[in-house]
Trainee: 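Quick one: the structure is below, and I'll ask about it shortly.
Throughout, residue positions are numbered sequentially from 1 according to the sequence presented. All values below were derived from every heavy atom in this structure, side-chain atoms included, with hydrogens, water molecules and symmetry-related copies excluded. We count ligands from 1, going down the list as the structure has it; atoms in each ligand are counted the same way.
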Amino acid sequence: MSGFETLIYEKKDSIAYVTLNRPQALNAYNIQMRNDLHEVLGAIRDDIEVRVAIFKGAGEKAFCAGADLSEFLTAPSPIVARQVRWKRDVWGLFLSIPQPLIAAVHGYVLGSGIEIALCCDIRIASEDAQFGLPEIGLGIIPAAGATQTLPRTIGRARALEMLLTNRWIDAEEACRIGLVNKVVQREKLLETAEEMAKKIASYNPVAVRNAKQAVMRGLELPLAEGLDLEKRLALEVQLVANQTK
Ligand code: COA
């Protein structure tokens, strides 16, 4: 199952696999990939058979080396190019997906590459992964969520250091600071992501979705409101379980 110019989309049992597939350009994120991702994310969101999705990169060298610089250079100006690029709200769509998303990243994970990984719920890296935000060196700032998602993941000071100095970090450091959950050998990357996905997929899907929703929405709320949200979502899981008895 595929049919996309820049992505491979596959479904095995209840797991969806999305492979960024422009290895000749280190899977750089271009306008076509934006369109393809928009379509694939919509399909995942609306497919109740999909319990978990895994995002990965094709080729040996990269998960994704950031925005496609050749499109930047040919566009009338970086600002106009970015307006066009982000018009379809891939990032809002990403964050609205109810199923858990796992990023399995290797090699270069730069710019939009980090941003895609940060839109996922769990990140697994291989030992060769390198993370960086080169935007500041290009005179721009990230616009696919990193200024918001990165500090929420690794804290303000660490995020600002990466954003403002363009210091790249390796997999070990990324794991230490909580940017990724786990580091594994390159040859074990997909296998580890799959094991995790299968485990999640084996659980009650309503409980899984509601647990994700409670965390995602709750993080934006004061604690008391978060606890109320949790109560409602827990009740919903209970009600659905009772109905299916
Ligand atoms: N956009 C478009 N093409 C890209 C790309 C990008 N962001 N990153 C890499 N490529 C292309 C290269 O142009 C090259 O194409 P070619 O073989 O036709 O010349 C190919 O991918 C391989 O990259 P190369 O630079 O030869 O690999 P490397 O191992 O020497 O260096 C990087 C890897 C990631 C350090 C280097 O490619 C790089 O700095 N890329 C740009 C990163 C960036 O600034 N991203 C934008 C963030 S907003």
Trainee: With R209, which residues qualify under side chain to side chain contact (heavy atoms under 4.5 Å, CB included), at least two apart?
Mentor: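 Per chain and number, R209 pairs via side chain to side chain contact (heavy atoms under 4.5 Å, CB included) with P98, Q99.
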
Trainee: Hey, looking at atom 10 (N) of ligand 1, which of A143, A25, G137, A62 has the closest heavy atom?
Mentor: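 Result: the heavy atom closest to atom 10 (N) of ligand 1 is in A25.
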
Trainee: Which one of P23, G107, A65, A67 has a non-hydrogen atom at the shortest distance from atom 45 (N) of ligand 1?
Mentor: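 Checking each option, the heavy atom nearest atom 45 (N) of ligand 1 is found in A65.
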
Trainee: In this structure, does ligand 1 have an atom that sits under 4.0 Å from one of the heavy atoms of Q24?
Mentor: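 Heavy atoms of Q24 do come under 4.0 Å of ligand 1.
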
Trainee: Residues sharing L235's hydrophobic cluster, by side-chain heavy-atom contacts under 4.5 Å among ILVMFWY, directly or via others?
Mentor: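 Members besides L235, by chain and number: L239.
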
Trainee: If the cut-off is 4.0 Å to any non-hydrogen atom of P134, which atoms of ligand 1 fall inside it?
Mentor: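 Once the distances to P134 are compared, the set is 43 (C), 44 (O), 47 (C).
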
Trainee: Between F94 and F55, is the ring centre distance below 6.0 Å?
Mentor: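 Yes, they do, as the ring centres are separated by less than 6.0 Å.
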
Trainee: For ligand 1, which atoms sit closer than 4.0 Å to a heavy atom of A28?
Mentor: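 That gives atoms 1 (N), 2 (C), 6 (C), 7 (N) of ligand 1.
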
Trainee: Can you tell me if Y17 and E194 form a side-chain donor-acceptor pair at under 3.5 Å?
Mentor: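 Yes, a side-chain donor-acceptor pair sits under 3.5 Å.
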
Trainee: If you measure only the distance, is there a donor-acceptor pair under 3.5 Å linking the side chains of N21 and T6?
Mentor: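 Not at all, the side chains of N21 and T6 share no donor-acceptor pair under 3.5 Å.
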
Trainee: Hey, which atoms in ligand 1 end up nearer than 4.0 Å to a heavy atom of K61?
Mentor: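 Near K61, the atoms of ligand 1 are 27 (O), 28 (P), 29 (O).
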
Trainee: Using atom types as modelled and distance alone, determine if a side-chain donor or acceptor of H106 lies under 3.5 Å from a backbone N or O of A62.
Mentor: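 Side chain of H106 to backbone of A62, a donor-acceptor pair under 3.5 Å: yes, one is there.
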
Trainee: Once you measure the plane-to-plane angle for Y108 and W168, does it fall in the parallel (<30°), tilted (30-60°) or perpendicular (>60°) bin?
Mentor: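 Ring orientation of Y108 relative to W168: perpendicular.
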
Trainee: Check each atom of ligand 1 against the heavy atoms of E135 and keep those under 4.0 Å away; list them by number with element.
Mentor: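 Those qualifying, in numeric order: 48 (S).
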
Trainee: Just jot down the ligand 1 atoms closer than 4.0 angstrom to any heavy atom of L110, in number order.
Mentor: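 Near L110, meaning under 4.0 Å from one of its heavy atoms, ligand 1 has 34 (C), 42 (C).
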
Trainee: Report the part of D68 in contact with ligand 1, treating N, CA, C, O as backbone and CB onward as side chain, heavy atoms under 4.0 Å; options are side chain, backbone, both, neither.
Mentor: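 The answer is both, backbone and side chain.
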
